Amino acid sequence: MIKMNKIAAIIILFLVTLNANAQDKKAKELLELVTAKIKSYDNIIIDFKYTLNNYKENINKESKGNVIIQDNKYVLNFMGVTKIFDGKKNYTIVPEDEEVTVSGLNEKDDNAITPSKMLTFFNSGYKFSWDILQDVKGRKIQYIKLVPTNGKDQRKEILLGIDSQTKNIYNVIEMGKNGTKTTLTVNSFKTNQPLSKNQFTFVPSKYSNYYINKLD
């Protein structure tokens, strides 16, 4: 009887492992589809909502923003600040302070999630697994759970919500080890839009009264 129980336990463990491997394969295939879809666009324009919550600290914040992305270039408007990256330099424009900070690209910082990386950041540095499927206003959102492989990462896990039909990212939910939860939700997602040839160019004449802070 004991031997039969051991055999049954081994069979159950084998089936559970087999199912887990199948689920992980599904997760990998979906992430590959998302990446391929993102890379197929000439440009992307996103309007988004960002929330930050920490119930222990009684913190609840909500902001809206938008970003235009083409290759590794971007223009981000968020919390009253505009960030422009022209492929070589970053320009952070703060109207409230009438200041522009100019800095170079830190190519050694692979962990920095910039707007140009935020739609494909999951391709390295994470273990992933298949998670829940939710119905959001008639849209089927499939979640993939990402767990950072770097033990020093302050994020406990990330849930990546993907629209099952379009294969575009719907939201990104980050759970911090300190109890902080941040959620970025895509309100609108446009692609291959006509852009000005100077879309990602910083024009100094527009900020003649600003203090220019050059870091390098």
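Count residues from 1 along the sequence. None of these values were measured; they are calculated from a predicted model.
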For I44 against I46, the heavy-atom pair lying closest together: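 The pair with the smallest heavy-atom distance is CG2-CG1, 3.6 Å.
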Can you name the closest pair of heavy atoms from P95 and Y210 and give their distance?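 That would be CA-OH, 3.4 Å.
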If I take atom [atom1] from residue [X] and atom [atom2] from residue [Y], how far apart are they, to the nearest 0.5 angstrom?
| X | Y | atom1 | atom2 | answer |
| --- | --- | --- | --- | --- |
| Y126 | N150 | OH | CG | 9.5 Å |
| S40 | K167 | OG | NZ | 13.0 Å |
| Q134 | D131 | CD | CG | 9.0 Å |
| L146 | S129 | CG | OG | 8.0 Å |
| N77 | I68 | CG | CD1 | 7.5 Å |
| K89 | L215 | NZ | CG | 9.5 Å |

Do [X] side-chain atoms and [Y] backbone N/O form a donor-acceptor pair below 3.5 Å?
| X | Y | answer |
| --- | --- | --- |
| K37 | T166 | yes |
| T35 | L31 | yes |
| N123 | T120 | yes |
| D97 | E99 | no |

Cluster companions of Y170 among Ile, Leu, Val, Met, Phe, Trp, Tyr (side-chain spacing under 4.5 Å): I132, V136, I141, Y143, L159, I173, M175
Ring centre gap for F200 and F85 strictly below 6.0 Å: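 No, the ring centres sit 6.0 Å or more apart.
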Non-neighbouring partners of [X] that pass side chain to side chain contact (heavy atoms under 4.5 Å, CB included), sequence neighbours left out:
| X | result |
| --- | --- |
| E29 | K25 |
| N198 | S196, T201 |
| E62 | K49, T51 |
| Q142 | L30, W130, L133, S164 |

Report yes if some heavy atom in the side chain of V172 is under 4.5 Å from a heavy atom in the side chain of I158; otherwise report no. yes
Taking side chain as C-beta onward, heavy atoms only, is I93 less than 4.5 Å from I84?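 Counting from C-beta outward, I93 and I84 do come under 4.5 Å.
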Presence of salt bridge, D153 and R155, under 4.0 angstrom: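 Answer for the salt bridge query: yes.
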[X]-[Y] co-clustered via ILVMFWY side chain contacts under 4.5 Å:
| X | Y | result |
| --- | --- | --- |
| V81 | L76 | no |
| F48 | M79 | yes |
| V147 | V34 | no |
| V94 | V67 | no |

Results of ring pair (Phe, Tyr, Trp, His ring centres under 6.0 Å) for F202 - residues two or more places apart only: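 Ring pair (Phe, Tyr, Trp, His ring centres under 6.0 Å) check on F202 returns Y91, Y207.
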side-chain hydrogen bond (donor to acceptor under 3.5 Å, both in side chains) partners for [X], two or more places apart:
| X | answer |
| --- | --- |
| K145 | none |
| N53 | N60 |
| N209 | none |

Apply salt bridge (Lys or Arg N to Asp or Glu O under 4.0 Å) to D86 and list each qualifying residue two or more places apart in sequence or on a separate chain.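 Checked D86 against salt bridge (Lys or Arg N to Asp or Glu O under 4.0 Å); zero matches.
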Tell me every residue that passes salt bridge (Lys or Arg N to Asp or Glu O under 4.0 Å) with K140, counting only those two or more places apart in sequence or in another chain.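 With neighbours one apart ignored, the set is D135.
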Please list, one pair per line, the donor and acceptor atoms closer than 3.5 Å that link side chains of residues 184-194 to other protein atoms, with sequence neighbours excluded.
unit_1, atom_1, unit_2, atom_2, d
S188, OG, D47, OD2, 3.1
N192, OD1, D42, N, 2.7
Q193, NE2, T191, O, 2.9

Derivation and outcome, side chain to side chain contact (heavy atoms under 4.5 Å, CB included), residues K181 and N54: CA-CA 6 Å; K181 175 184 177 182; N54 188 311; over 6 Å; no
Around atom NZ of K88, are there more than 12 heavy atoms of other residues, nucleotides or ligands at under 6.0 Å?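 Open.
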Among side-chain atoms of N168 and Y41, is any donor-acceptor pair under 3.5 angstrom? yes
Identify which one of T101, N90, T92 satisfies the side chain to side chain donor-acceptor pair (under 3.5 Å) criterion when paired with K83. T92
Is there a side chain to side chain contact (heavy atoms under 4.5 Å, CB included) between V102 and N213 once you walk through the steps? CA-CA 6 Å; V102 185; N213 180 23; over 6 Å; no
Does the pair T182 and Y50 meet the rule for a side chain to side chain contact (heavy atoms under 4.5 Å, CB included), with working shown? CA-CA 7 Å; T182 62; Y50 179 86; 3.4 Å; yes
